[in-house]
Amino acid sequence: MVGPGGLGKTRLAHAVAREAPQPVVHFVELVGVTSPDDVVGEVGSVLGVRDSVSGRRALTPEQRADVRARIAQQLDQAPTLLVLDNCEHVVDAAADLVAFLVATTRELRVLTTTRAPLAIAAEHVHQLPHLGSDDAIALFRARASAARPGVRLDDTEIHSVVDRLDGLPLAIELAAAKVRVMAPAEIARRLDDRFALLRGGDRSAPDRHRTLLAVIDWSWALLAERERRALRFLSAFHDGFTLDAADAVLGGDGLDAVEDLVEQSLLVVTDTDGGTRFRMLETVREFGRLQAETVGEATEISTAVRAWAVEYADTWGRQLFSPTQVEAMARLRAEETNLADVLREALAAPDPAASSVLFGPLAGYWGISGDHFRSMTSTPAFAEALEGWTPPPELADSVRVALCTALFNARLASPATVDPLLALLGELGADSSVPSVRALTTVMLAEVQGDRADLTTDPDPLVRGLSLQFAAHELENSADPQGAIDAAREALALVPEEEGPWRRAMLDTELSGLHAQLGDTEGAAAHSRAAIPVLEQLGAFDDVVQGRAVLAVAALEQGDLDGARRILDEIDEDLIGATPAPT
């Protein structure tokens, strides 16, 4: 039975022992064994094997072999369950003993509790799950009521506590005990310093379970320096990481270090559509962060993670408007939280180079996803971070794309930032070797400066298409829906295949709305049908909902109530898909 400290492995092992069908049960606590050489002697002592001298003097190799043989002989006398509790600090010796015993006895079952598997052929690993939300709340409520009978407990306030405690029963019990002196809401506020808060508790508990810090420190003591360094560095990823990311920040030593941390139950492994991902419990991550500060590595770690984030964002940002757009969106979605964390740090530093490379892909991702608010709220800080900076030539295109996106947002939400952003984009100019970047910069400069009259007939189809798309919006705002339809149709015909499907889908969405304004429900539905599959692939759920609403109205107008009801059910599913999963 494998799991991190504080998950209740020992308590569950006692429950299993009480209910065991075997007529003979032996429970051996190995937590007090300090040397692997003493494991056989400790087990022999608990079983009452004669001449087992654990605790008095060390056994010689010959004595250990003799005691081990007599342990096997005794365990072979009847169907037996042998429980070895807390094996992780003597895991090799425990594995050797268990492998010998199960090979030389007929009806023996062995249950081990450990933070790291024994890794022997006979082993079946049960990864003990963390408590779910309902069970965590119930445990907190029970322990809090026992600590202070009659205390007022609100499930919402309790949830704000247990949601940050990783489903660890010990952490929940330590937190619940604090209701003697504070309300759950106050406990939640103080969890930023959880290791100072969560101490004390049950005096009958072993020392390693008297404080949350002691629980993690027990695992920390079992790690070699390579794994400790890995834990410190990887604790910087708030939203988990992949092996590639671990390799990047650890300098190519990712696989072995991650594997060792997984074996010590310090990482949780999850399988996602994008592959295997590793997450640290918040408690472990906070411990790693404190250790990094203690040894003075915080700056080195921040630099390594920022370098990974910049390279990752640059790689997939370049593919965001390309035939591999769907994959680029999936890759950016997988790391959105981590990349956004690094962007905030780069903006605050400020680090204009990193900020530019990160802002462009993230803002593009948010725009395609329909999360425009994220881009808008980041734009003022982005403008401030770039103040007085001259981009190096190798970053010119990344900066152009970021500035164009920022200017689009600034015109809508932060007009005060338009002039400095426009000035920097003007200094860079539109002379890019990448046609799409050149067209985007040309159109954005003209739009913001109010000088784009002739771009709708520009000989460059990329420039003409983008300018017509802007013109369609302005015509709609000027109460000319038919003129907007004509411009949007012409723009749609000019979108190149190599740009990816999103801009076509957005023009279809715009045309759907324009046809609806003119009362052409069937025309609106046709454009929505063209857009929805693409928007679904890209994860643009808000736009999908808008498109389905058009289809529902069309179905109602045709008297198809069942079809309209089916579409409304699909909208409910889209809204569920658009809601971020709890982390």
Between Val28 and Glu42, is there a side-chain heavy-atom distance shorter than 4.5 Å?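 Yes; the side chains approach each other to less than 4.5 Å.
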Considering only heavy atoms from C-beta outward, does the side chain of Val2 approach that of His126 to under 4.5 Å?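 No, too far: nothing below the 4.5 Å cut-off.
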Are more than 12 heavy atoms, taken from residues, nucleotides or ligands other than [X], located less than 6.0 Å from that residue's [atom1] atom?
| X | atom1 | value |
| --- | --- | --- |
| Arg109 | CZ | no |
| Glu311 | CD | no |
| Glu19 | CD | no |
| Asp154 | CG | yes |

Checking salt bridge (Lys or Arg N to Asp or Glu O under 4.0 Å) for the pair Glu536/Arg548: CA distance, chi angles, key distance, verdict? CA-CA 11 Å; Glu536 285 181 318; Arg548 291 203 199 284; 2.2 Å; yes
Note: [X]-[Y] ion pair, threshold 4.0 Å (strictly below):
| X | Y | result |
| --- | --- | --- |
| Arg331 | Glu327 | yes |
| Glu336 | Arg374 | yes |
| Asp271 | Arg277 | no |
| Arg11 | Glu173 | yes |
| Glu186 | Arg190 | yes |
| Asp85 | Lys9 | no |
| Arg344 | Asp341 | yes |
| Arg152 | Glu157 | yes |

Any donor-acceptor N/O pair, [X] side chain to [Y] backbone, under 3.5 Å:
| X | Y | value |
| --- | --- | --- |
| Arg228 | Trp220 | yes |
| Glu293 | Ala298 | no |
| His26 | Leu75 | no |
| Thr114 | Cys87 | no |
| Thr276 | Thr272 | no |
| Asp247 | Gly254 | yes |
| Asp166 | Glu282 | yes |
| Asn338 | Asp239 | yes |
| Arg333 | Leu538 | yes |
| Arg115 | Glu263 | no |

Calculate, to the nearest 0.5 Å, the distance between atoms CD1 and CD1 belonging to Ile137 and Ile158 respectively.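 If I round to the nearest 0.5 Å, the distance is 6.5 Å.
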For Val25 and Thr80, run side-chain contact (heavy atoms from CB on, under 4.5 Å): C-alpha distance rounded to whole Å, both residues' side-chain angles, the deciding distance at 0.1 Å, then the answer. CA-CA 6 Å; Val25 176; Thr80 300; over 6 Å; no
Apply salt bridge (Lys or Arg N to Asp or Glu O under 4.0 Å) to the pair Glu227 and Arg232, showing each step before the final yes or no. CA-CA 9 Å; Glu227 287 74 45; Arg232 293 192 296 264; over 6 Å; no
Start with the C-alpha gap between Thr405 and Asn409, add the side-chain angles, then the distance that decides, and say whether side-chain contact (heavy atoms from CB on, under 4.5 Å) holds. CA-CA 6 Å; Thr405 307; Asn409 295 323; 3.9 Å; yes
Step by step, work out the side-chain contact (heavy atoms from CB on, under 4.5 Å) result for Glu88 and Trp218. CA-CA 10 Å; Glu88 58 271 352; Trp218 174 264; 2.8 Å; yes
Taking the ring centre of each residue, are Phe237 and Trp308 less than 6.0 Å apart?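 Phe237 vs Trp308: aromatic centres under 6.0 Å.
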Given Thr379 and Phe359, is the side-chain contact (heavy atoms from CB on, under 4.5 Å) satisfied, shown in steps? CA-CA 9 Å; Thr379 294; Phe359 182 83; 3.8 Å; yes
Whether Arg229 engages the ring of Phe233 as a cation-pi pair (distance to the six-membered ring centre under 6.0 angstrom, angle to the ring normal within 45°) should be assessed.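 Cation-pi check for Arg229 and Phe233: passes.
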Could you give all pairs that pass the side chain to side chain donor-acceptor pair (under 3.5 Å) test and reach residues 349-362, with sequence neighbours left out?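 Side chain to side chain donor-acceptor pair (under 3.5 Å) check on residues 349-362 returns Arg306-Asp351.
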